[in-house]
Amino acid sequence: MQLIIFLIKQSNICTTMGKGITKRSEDYSAWYNELVKQADLAENSPVRGCMVIKPHGYAIWEKMQAVLDQKFKETGHYNAYFPIFIPKSYFSKEASHVEGFAKECAVVTHYRLKNNPQGEGVIVDPEAKLEEELIVRPTSETVIWDSYKNWIQSYRDLPILLNQWANVVRWEMRTRLFLRTAEFLWQEGHTAHATKQEAEEEAIQMMHVYADFVENYMAVPVLRGVKTESERFAGALETYCIEALMQDGKALQAGTSHFLGQNFAKAFDVKFADKNGKLEYVWGTSWGVSTRLMGALIMAHSDDNGLVLPPKLAPTQVVIIPIFRNADELEAIAEVANQLVADLRAQDITVTFDKRDTYKPGWKFAEYEQKGVPVRIAIGPRDLANNQVEVARRDTKEKQAMSLEGLAAAIKILLDDIQQNLLVKALAFRKENTSYVDSYNEFKQVLEEKGGFIYAHWDGSAETEELIKNETKATIRLIPLEEGEPGTCMVTGKPSKQRVVFAKAY
RNA sequence: CGGGAUGUGGCGCAGUCCGGUAGCGCACUCCGUUAGGGACGGAGAGGUCGCAGGUUCAAAUCCUGUCAUCCCGACCA
């Protein structure tokens with residue numbers, strides 16, 4: 001009996017392979033690229049390294065934004081907007097900051113075009129050269145701290161808790177849709193505080209806000225920790241981060257939160273008078289997540305049939321597909337379907353009733369599967385006769401007949417179950433792909449054969465970190481927050497306070 | 001910026017070696033049959049072969065230049 005079920009499942013898979021995508025096992029990278037396009041999330045733009053985010057992809061991003069925005073507001077932050085252009089001179093004010101971003105900045109040098117006097121087209125008007133070039137923001141610390149200088153005089157002006165939703169540009173050499181694009185969308189929080197402790201607490205808080213979002217909405221488990229000095233954000237004293245594991249065993253940095261110390265306050269001369277009238281530099285943080293989260297979402301759950309979305313972030317949670325031969329049949333089905341739509345909406349479930357007669361049911365099944373709609377309900381004449389519907393869940397691809405009686409409530413429970421199942425599956429995968437090693441040879445072997453997160457002892461030096469990176473391409477993803485057992489470095493044998501997490505990363 | 005490759009209807013490709021006036025699959029339009037996992041048949045529409053020169057009676061094809069994109073490295077959310 002089990003064998004028969006297995007065969008049926010196999011044949012189902014085969015029939016959907018007609019316009020399928022490359023399997024993960026064959027070429028993970030190709031699978032990802034094809035999936036992004038097939039699921040209608042995004043495509044390459046005419047400009048190298050930039051992407052067009054298509055409606056379905058953008059709808060998912062909007063869901064993410066909505067949840068995050070609410071969380072930011074709940075933690076006391078306000079949204080604001082600063083300009084996309086930053087005067088070049090601002091970048092020279094914080095030395096390590098410019099070091100970190102100079103190599104990937106887009107620069108505006110002119111403000112006018114004119115018709116080409118030599119012939120076709122337009123040229124940049126050489127007369128219209130800017131006095132000072134403008135940098136297209138790669139991040140906004142500099143322009144924001146320049147404003148903070150004017151906004152902050154007294155301890156009464158603090159804290160300032162701002163966030164902005166924006167696009168930024170980093171001229172990357174190699175790009176991939178969502179994971180690394182020359183222009184990307186993100187949010188960047190920028191806060192200013194009177195004390196070191198408060199700023200540190202803010203940075204840590206936001207790391208936890210991110211982790212909570214990624215785990216409870218994206219259903220992707222993350223490790224929390226701090227970056228090593230060499231992986232730290234340019235201009236930060238401490239970078240808190242969350243790291244997720246993708247299905248190919250590589251790590252993805254899902255969010256970062258930086259404790260900036262007084263670096264930017266000093267660079268932009270932002271001081272405040274404390275209660276004793278003494279002038280002090282302001283303490284700062286910055287934190288961000290980007291459309292890269294889309295990449296994490298895709299790579300964490302999706303399968304060889306296409307996108308798999310957690311219900312909490314799916315723009316459409318349920319699709320209803322009628323199966324009919326003629327207008328009369330459709331009418332009978334629509335009566336039931338419309339009632340079901342109303343019932344589902346009453347439960348705050350987003351639902352689409354796709355009664356188009358321009359596409360066949362099989363085509364629609366494949367289409368919604370590829371786009372990751374969590375639950376599909378099919379209703380045909382046979383179902384109407386039995387007062388039931390066929391319900392299929394995207395995550396496990398299981399199908400079952402369900403009674404129309406109390407269906408909306410049952411679907412609500414099913415959606416919760418899918419959300420939960422995705423996280424459980426991802427947690428199990430991470431557990432399977434997490435290793436503890438004590439020798440460098442073992443480390444190399446595990447990295448080569450299995451990948452994943454590897455906990456190992458490290459002597460704390462940048463030299464050893466660099467050596468491991470050069471020899472194995474693995475980097476220290478983070479130093480866990482919780483105190484660990486001391487040991488000895490797997491490479492040098494020098495003492496180590498605790499294990500750190502290594503992985504190959506995106 | 002080093003190494004490799006590719007530019008031909010909307011997409012994916014063949015044709016290039018050996019010059020002879022452009023073809024296949026998908027998608028698209030119309031008609032009919034179909035409809036519980038990406039239907040079938042028939043009839044159509046759509047391309048200055050990346051761009052600029054050159055050779056030739058004749059160039060997608062040969063030569064020169066140029067631009068762009070992709071992949072592998074160094075760099076990065």
Side-chain angles (χ1 to χ4, degrees), chain A residues 8-9 11-20 27 29-30 33-34 37-38 43-49 99-105 119-121 138-139 168-176 178-188 210 227 230-234 239 241-244 251-258 286-296 305-306 321-326 329-330 333 356-370 376-386 388-390 392 397 399 401 469-470 473 475 477 505-506:
Chain A
I8 290 168
K9 279 187 175 170
S11 68
N12 273 350
I13 290 165
C14 288
T15 54
T16 58
M17 288 306 289
K19 291 186 187 172
D27 185 342
S29 195
N33 290 331
E34 289 169 26
K37 288 180 178 121
Q38 290 283 335
E43 59 190 25
N44 286 305
S45 81
V47 178
R48 189 201 71 87
E99 180 82 11
F101 288 103
K103 287 173 287 181
E104 51 190 35
C105 282
E120 297 289 298
T139 180
V168 287
V169 170
R170 296 181 191 175
W171 214 263
E172 299 287 354
M173 298 308 287
R174 295 193 57 202
T175 59
R176 293 186 73 189
F178 291 118
L179 292 174
R180 180 167 299 111
T181 46
E183 179 196 19
F184 56 92
L185 307 184
W186 77 344
Q187 59 69 219
E188 46 181 329
Y210 288 152
K227 287 289 182 197
S230 60
E231 298 273 335
R232 206 174 275 159
F233 176 75
T239 289
C241 65
I242 55 173
E243 291 278 332
L252 184 79
Q253 181 171 304
T256 48
S257 180
H258 315 291
S286 67
W287 29 275
V289 295
S290 70
T291 34
R292 185 178 230 208
L293 286 180
M294 293 284 294
N305 293 302
I321 297 173
I323 293 153
F324 59 98
R325 287 167 221 269
N326 52 52
E329 281 186 1
L330 175 58
I333 293 165
R356 289 177 294 177
D357 62 0
T358 47
Y359 292 98
K360 293 178 58 187
W363 189 92
K364 292 177 186 172
F365 288 179
E367 180 72 6
Y368 289 110
E369 198 164 278
Q370 213 158 47
R376 179 187 74 228
I377 299 176
I379 312 178
R382 268 189 344 234
D383 299 303
L384 288 188
N386 297 322
Q388 65 178 34
V389 297
E390 182 195 77
K397 301 202 70 191
K399 288 191 261 193
K469 185 179 175 182
N470 290 339
K473 288 182 184 168
T475 50
R477 300 320 303 157
Y506 275 95

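Sequence lines set the chain letters: A, B, ... in the order given, protein chains first and strands last, and positions in each chain run from 1. The analysis underlying the following values was restricted to heavy atoms, covering all of them including side chains, and did not include hydrogens, waters or symmetry mates.
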Could you check which of [options] has an atom nearest any side-chain atom of [X]?
{"X": "A/Arg382", "options": "B/G73, B/G38, B/G36", "answer": "B/G36"}
{"X": "A/Lys473", "options": "B/A77, B/A74, B/G38", "answer": "B/A74"}
{"X": "A/Phe184", "options": "B/G36, B/A77, B/C75", "answer": "B/A77"}

Check every strand shown and say whether [X] touches a base, only sugar-phosphate, or nothing at a heavy-atom separation below 4.0 Å.
{"X": "A/Thr181", "value": "base"}
{"X": "A/Arg376", "value": "base"}
{"X": "A/Leu252", "value": "nothing"}
{"X": "A/Asp383", "value": "base"}
{"X": "A/Gln253", "value": "sugar-phosphate"}

### Task
On RNA chain B, check which nucleotide each of A/Asn33 and A/Glu231 is closest to and give me the residue with the more 5' one.
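By nearest-heavy-atom nucleotide position, the 5'-most residue is A/Asn33.
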#### Entry: 5'-most by nearest nucleotide on RNA chain B - A/Thr175 or A/Thr256
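Result: A/Thr175.
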### Task
Answer yes or no: is there an ion pair linking A/Glu243 with A/Lys227, defined by an N-O contact shorter than 4.0 Å?
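Result for this pair is yes, salt bridge flagged.
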### Query
Could one point to a donor on the side chain of A/Lys399 or the base of B/G37 with an acceptor on the other under 3.5 Å away?
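For A/Lys399, whose side chain was compared with the base of B/G37, there is a donor-acceptor pair (under 3.5 Å).
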### Query
Does A/Arg325 make a side-chain donor-acceptor contact with the base of B/G36, cut-off 3.5 Å?
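By the distance-only test, no, there is no pair.
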### Query
Think A/Arg292 forms a cation-pi with A/Phe184, using NZ or CZ under 6.0 Å from the six-ring centre and within 45 degrees of its axis?
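Ring-cation test returns no.
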### Any strand: nucleotide that pairs with B/G2 via Watson-Crick or wobble, under 3.5 Å
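Pair assignment: B/G2 / B/C72.
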